[in-house]
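Okay, structure first, notes after.
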2 protein chains.
Amino acid sequence: MSHHYATIQFLRQQGYRLTPQREMVVLAILDQEGHFTAEEVYRQVRRQSEAVNIATIYRTLDLLCDLGILTAFQVAGEPLRYERADSPSHHHLICRQCGTMIDLPDQVLHPLQEMLLDQYNFAAEFRHIAISGLCARCRDAQT
Amino acid sequence: MSHHYATIQFLRQQGYRLTPQREMVVLAILDQEGHFTAEEVYRQVRRQSEAVNIATIYRTLDLLCDLGILTAFQVAGEPLRYERADSPSHHHLICRQCGTMIDLPDQVLHPLQEMLLDQYNFAAEFRHIAISGLCARCRDAQT
DNA sequence: AATGTACTTGCAACTCTTTGCAAGAACGAT
DNA sequence: ATCGTTCTTGCAAAGAGTTGCAAGTACATT
């Protein structure tokens with residue numbers, strides 16, 4: 001899903017119509033690195049064309065999430081962020097005090113995942129989670 | 001923290017002023033069982049007095065979170081929910097196929113919590129999390 | 001009890017996101 | 001190439017929550 005044409009084709013395959021707006025959004029998100037907000041995609045798209053409404057951006061990003069091309073996550077109090085689903089799976093530690101975000105590799109959750117499968121017979125799917133807490137500095141500052 | 005007077009005193013101890021608005025919010029949340037939204041607290045408080053603004057409700061709930069009297073959590077796509085911090089911590093496994101909810105004792109997350117503290121120096125706070133995945137039955141049905 | 005200051009509140013405006021609805025457009029069928 | 005259906009979009013308004021600012025008030029000080 002790294003080339004925009006593949007994504008466009010996939011859209012059509014799923015029975016969605018190919019509109020210029022959707023194509024521009026797809027192009028814009030392939031340009032982004034890491035995670036991005038709807039607002040950022042909007043600004044990027046607007047550089048190409050005035051004729052796009054922010055509501056369409058939101059709807060398209062939502063659609064791309066449903067199709068598994070994007071994943072979304074939210075840091076409390078901040079706008080929703082999107083990320084390409086083909087980027088390596090990872091999670092975030094977010095300090096509730098200072099807002100620092102620490103990237104967390106996927107495998108950190110493997111032990112928990114195995115445990116839930118063993119003891120609860122439940123196949124947990126951690127797509128893109130954000131764990132809230134206190135970072136080292138804010139914890140030190142508190143005491 | 002089960003009696004409202006204790007909470008009120010605690011507020012004052014921390015250097016916050018005791019206003020009728022804050023007292024009414026504290027009384028209202030002690031009335032609630034389980035989790036509740038800002039809107040629900042607002043309605044409850046409005047039954048006592050017209051003279052409270054929704055912004056004050058939000059600010060007070062926010063303050064009570066900071067003080068550790070409440071915790072907040074959000075189910076995606078739903079309004080933020082608050083819960084008394086002294087209620088027993090509970091988590092859920094939610095099957096994305098059949099919707100079954102499995103209760104999860106708090107200590108299940110302890111190993112992960114310790115690991116994050118050890119290796120990332122991050123004090124994770126798991127309050128009322130919902131883990132999505134597939135339960136045993138739906139997994140069997142799929143193969 | 002009156003006063004001053006700093007904290008709080010109410011209000012209105014604003015941010016982020018979603019939604020209803022009518023107008024517009026993609027695309028399969030003719 | 002045209003038509004019709006159905007999907008999409010733009011627009012405006014609404015929902016959820018936050019914020020700046022001026023007015024109000026709790027509380028320590030006198």
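All values derive from a computational prediction rather than experimental measurement. Chain identifiers are assigned alphabetically (A, B, ...) following the order of the sequence lines, protein sequences preceding nucleic acid strands; residue numbering begins at 1 within each chain.
Distance CG (A:Leu63) to C1' (D:dT9): 13 Å, rounded to an integer number of Å. Summarising the geometry, the separation between CD on B:Glu23 and P on D:dT25 is reported as 16 Å, rounded to the nearest angstrom. Rounded to whole Å, the distance from CG on A:Leu11 to P on D:dT9 is 10 Å. Rounded to an integer number of Å, the gap from CZ of A:Arg43 to C1' of C:dT15 is 14 Å. Following rounding to the nearest Å, A:Gln13 (CD) and C:dA26 (C1') show an atom-to-atom distance of 18 Å. Between the CE atom of A:Met24 and the C1' atom of D:dT8 there is a distance of 13 Å, given to the nearest Å. For B:Ile8 and D:dA26, the CD1 to C1' distance is 14 Å, given to the nearest whole Å. Counting to the nearest Å, the P atom of D:dC7 and the CG atom of A:Asp66 are 16 Å from each other.
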- Message: Checking A:Phe73 against A:His91 for the ring-ring contact (aromatic ring centres under 6.0 Å, His included) test, could you report, in this order, the C-alpha distance in whole Å, the side-chain angles of both residues, the deciding distance, and whether it holds?
- Response: CA-CA 9 Å; A:Phe73 69 97; A:His91 311 285; 9.9 Å; no
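The side chain of A:Arg17 contributes no N or O atom lying less than 4.0 Å from OP1 or OP2 of C:dG28. Contact between the side-chain N/O atoms of A:Thr19 and the OP1/OP2 oxygens of D:dT9 is found at a separation under 4.0 Å. For B:Gln21 and D:dT25, the shortest distance from a side-chain N or O to OP1 or OP2 is not below 4.0 Å.
Taken from CZ in A:Arg43 to CZ in A:Arg46, the straight-line distance is 12.0 Å, to the nearest 0.5 Å. Distance check, rounded to the nearest 0.5 Å: CG of A:Asp140 to SG of A:Cys135 gives 8.5 Å. Separation of atoms OG1 (B:Thr7) and CG (B:Leu67) is listed at 10.0 Å; rounding is to 0.5 Å.
Under the 3.5 Å distance criterion, the side-chain polar atoms of B:Glu40 are matched with a main-chain donor or acceptor of B:Thr37.
Mapping B:Tyr82 and B:Arg12 onto DNA chain D via the closest heavy atom, the residue that lands nearer the 5' end is B:Tyr82.
Across residues 44-59 of chain B, B:Ala55, B:Tyr58, B:Arg59 each have a non-hydrogen atom less than 4.0 Å from an atom of DNA chain D (numbered order).
Contact check for A:Asp103 versus A:Leu93: no side-chain heavy atoms found under the 4.5 Å cut-off.
Between the base of D:dT8 and the side chain of A:Arg22 there is no donor-acceptor pair shorter than 3.5 Å.
Side-chain polar atoms of B:Arg139 and A:Asn121 form a donor-acceptor pair below 3.5 angstrom.
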